[in-house]
Protein chains: 4
Amino acid sequence: MFLRIDPDNGLAIYDQVVRQMKFAIAGEALKPGDLVPSVRELARDLAINPNTVSRAYLQLQHDGVLETVRGLGLSVSAGAAKRCRAEGGKLIRERLAQVFDEARLSHLDPDDLRKMVSTELESALKRKD
Amino acid sequence: MFLRIDPDNGLAIYDQVVRQMKFAIAGEALKPGDLVPSVRELARDLAINPNTVSRAYLQLQHDGVLETVRGLGLSVSAGAAKRCRAEGGKLIRERLAQVFDEARLSHLDPDDLRKMVSTELESALKRKD
Amino acid sequence: MFLRIDPDNGLAIYDQVVRQMKFAIAGEALKPGDLVPSVRELARDLAINPNTVSRAYLQLQHDGVLETVRGLGLSVSAGAAKRCRAEGGKLIRERLAQVFDEARLSHLDPDDLRKMVSTELESALKRKD
Amino acid sequence: MFLRIDPDNGLAIYDQVVRQMKFAIAGEALKPGDLVPSVRELARDLAINPNTVSRAYLQLQHDGVLETVRGLGLSVSAGAAKRCRAEGGKLIRERLAQVFDEARLSHLDPDDLRKMVSTELESALKRKD
DNA sequence: GTGGTCTAGACCACC
DNA sequence: GTGGTCTAGACCACG
């Protein structure tokens, strides 16, 4: 599965699902018309409650990214790819800004901070699980 | 005041207070023996609830960073500077790791991501409010 | 076909089929002894699932409106016309009461509401599709 | 309380809450800045589950009608009155159209239908509970 | 099997 | 006290 949730992320679980689903669509891991995993299946895979998945899917419908196909499930809506590509970068930039804003308040030496950021980024990029 | 809270940070408000207080001590804006602002004063300055400040101070006492001075208030404890310096970088590194971990899942091109991170970091470092 | 289903009606699809079938019998579009469309045919015509039609027909049998004719299908039962005429008005009155009850809570001016109702009614009566 | 829910309405309970809350705001029973009843209080009053109220309030926030006031509750947002007045009539007209559309299919004599509608409407308007 | 809705009850952060 | 989030489990309509 293309989603990975981290309970200590600071973000609510349903929000992580929403964001990563948008990432997946922006990155074309999911294409318009594709059915997303069923509520129950995704809940089982991520070891979270179906209701939490349901809430994430509700949000995604509300955002115009998913739409119901009666009796079949939920599919990626037509305009979703474009919308998600536009939004994807913004979601990440917002979070980066928040974290860097906090980091700024630590009064670390800017160069130390740059090094720390770079180190963590590269180590995250290497992690391929 | 040296603290700045952001309700949409993802972190609980009391946690932001705790972290930034530790940063302030690590950066010697507050030195051992200094009295920290009273619960009411800080609450007023940050426009948050005194109860929230209270919880943050409780946490800081529990972490051995603050200690009560009877009749005077709370002061930065003796060993706090060292402890906070050690902890400061870790707090930030952890959050960086979380965010980069999410960013990795966006399947952005690594170079685009590096650029985005660098842009946001520099823009945060410039912000001096 | 004399049936028209609207997925956003508030009523379950099978219920819409049941009700409109009764209307058709009350209005003598279907007479006792007539064979109703087969489950598959009706499902195809209305673009709904055969299972849903099946459930509607089951309900209609249970209500004494349809009866099986072995090897042929389902036919309108003898007493159905009378029963449906009696029931038809009631079904509509009940729904009207529900909707007007909600409308009442909107605190619209009664005269405005009367006008709105009248306008919508006439416009519905004109629609002949 | 200004809300009245009917489980057999055809509409989901949370949807009835959403609609009637909008009606209440349109009719100025609730004004911008007012706090709406707490999730728990409304749930108790309507004898429904707090989660169901929560869901309705979530929808209303999403529709820009309510906004959270941290630790205090939910308040009617500034632009809500105007938005709700605009939407109120539409919500009712839509439902009327659905019901009349069904009524049309009953092939009742139009004059009989008009009389029936008028009777039900007046009887609903008289009901003052 | 699917999603939609509802209930019941829990913990958390915040006022 | 408040809302926000999560879990657990139920029933229904639909395919």
Side-chain angles (χ1 to χ4, degrees), chain A residues 5 7 9-17 35-43 46-61 66-75, chain B residues 5 7 9-18 43 46-56 59, chain C residues 5 7 9-17 43 46-56 59, chain D residues 5 7 10-17 35-43 46-61 66-75:
Chain A
I5 71 110
N9 198 318
L11 271 52
I13 293 179
Y14 84 95
D15 204 19
Q16 298 184 43
V17 173
L35 287 179
V36 296
S38 82
V39 170
R40 291 163 173 80
E41 183 189 353
L42 188 54
L46 301 180
I48 61 180
N49 190 285
N51 230 319
T52 302
V53 177
S54 201
R55 178 173 197 169
Y57 280 1
L58 192 67
Q59 173 81 37
L60 286 164
Q61 285 179 272
L66 296 185
E67 50 197 29
T68 64
V69 185
R70 264 208 342 243
L72 272 183
L74 292 158
S75 77
Chain B
I5 73 109
N9 200 318
L11 270 51
I13 292 181
Y14 86 97
D15 204 19
Q16 297 183 43
V17 174
V18 168
L46 301 181
I48 62 180
N49 192 287
N51 230 317
T52 304
V53 176
S54 207
R55 178 177 305 199
Q59 173 78 39
Chain C
I5 72 110
N9 199 316
L11 270 50
I13 291 182
Y14 87 97
D15 203 20
Q16 297 184 43
V17 173
L46 301 180
I48 61 181
N49 192 287
N51 231 317
T52 304
V53 176
S54 206
R55 177 178 305 199
Q59 173 79 38
Chain D
I5 72 110
L11 270 53
I13 293 178
Y14 84 95
D15 203 19
Q16 298 183 42
V17 174
L35 287 179
V36 296
S38 81
V39 170
R40 292 163 172 83
E41 182 189 353
L42 188 55
L46 301 180
I48 60 180
N49 190 285
N51 230 319
T52 303
V53 177
S54 201
R55 179 173 196 168
Y57 280 0
L58 192 67
Q59 173 79 37
L60 287 164
Q61 284 178 272
L66 296 185
E67 50 198 27
T68 65
V69 185
R70 265 209 340 244
L72 271 183
L74 292 158
S75 77

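In what follows, chains are A, B, ... by sequence order, proteins preceding strands, each numbered from 1. All heavy atoms count here, side chains included; hydrogens, waters and symmetry mates do not. Predicted model only: the values in this text are computed from it and were never measured.
With rounding to whole Å, Gln59(C) atom CD is found 14 Å from dC12(F) atom C1'. Summarising the geometry, the separation between CG on Asn9(A) and P on dC6(F) is reported as 11 Å, rounded to the nearest angstrom. Rounded to whole Å, the distance from CD1 on Ile48(B) to C1' on dC15(E) is 11 Å. Leu66(D) places its CG atom 14 Å from the C1' atom of dT2(F), with the value rounded to the nearest Å. Nucleotide dG4(F) holds its C1' atom 15 Å from the CG atom of Asn49(A), rounded to whole Å. In this structure, CG of Asn51(B) is placed 16 Å from P of dC12(E), rounded to the nearest angstrom. Remark: P of dG4(E) and CD of Glu67(A) are 12 Å apart, rounded to the nearest angstrom. A straight line from CD1 of Ile13(A) to P of dC12(E) spans 14 Å, rounded to a whole angstrom.
Note on Glu41(A): nothing from the nucleic acid sits closer than 4.0 angstrom, heavy atoms only. Across all strands, Gln16(C) comes closer than 4.0 Å to no nucleic acid atom at all (heavy-atom distances). Heavy atoms of Leu58(A) sit nowhere under 4.0 angstrom from any nucleic acid atom.
For the pair Arg55(D) and dT5(E), the criterion of a side-chain N or O lying under 4.0 Å from OP1 or OP2 is met. OP1 or OP2 of dG4(E) has at least one side-chain nitrogen or oxygen of Gln61(A) nearer than 4.0 Å. Side-chain nitrogen and oxygen atoms of Tyr14(A) include at least one within less than 4.0 Å of the OP1 or OP2 phosphate oxygen of dT5(F). Between Thr52(A) and dC6(F) there is no side-chain N or O to OP1 or OP2 distance below 4.0 Å. For Arg70(D), a side-chain nitrogen or oxygen approaches OP1 or OP2 of dC15(E) to under 4.0 Å.
Considering every non-hydrogen atom in both Asn49(D) and Asn51(D), the closest pair reads OD1-N, 2.7 Å. The two residues Leu11(D) and Gln16(D) have their closest heavy-atom pair at O-NE2, 3.1 Å. In plain terms, the two heavy atoms of Pro37(D) and Leu42(D) that are nearest each other are CB-CB, 4.1 Å. Between Ala56(B) and Val18(B), the closest heavy-atom pair is O-CG2, 3.6 Å. Looking at every heavy atom in both residues, Leu72(A) comes nearest to Leu35(A) through O-CD1, 4.3 Å. Contact detail for Tyr57(D) and Leu74(D): the closest heavy-atom pair is CD2-CD1, 3.1 Å.
Between Gly71(A) and Thr68(D), the residue anchored nearer the 5' end of DNA chain F, judged by the nucleotide with its closest heavy atom, is Thr68(D). Annotation: of the two residues near DNA chain E, Asp15(D) and Leu11(B), the 5′-most nearest-nucleotide partner is Asp15(D). Along DNA chain E, the nucleotide closest to Ala47(B) and the one closest to Gly73(A) are compared, and the more 5′ of them pairs with Gly73(A).
Pair assignment for dC6(F) gives dG9(E), based on Watson-Crick or G-U wobble hydrogen-bonding distances that are each under 3.5 Å. Nucleotide dC14(F) forms a pair with dG1(E), judged by Watson-Crick or G-U wobble geometry with both contacts under 3.5 Å.
If you check distances only, the side chain of Arg40(D) never reaches the base of dG1(F) with a donor-acceptor pair under 3.5 Å.
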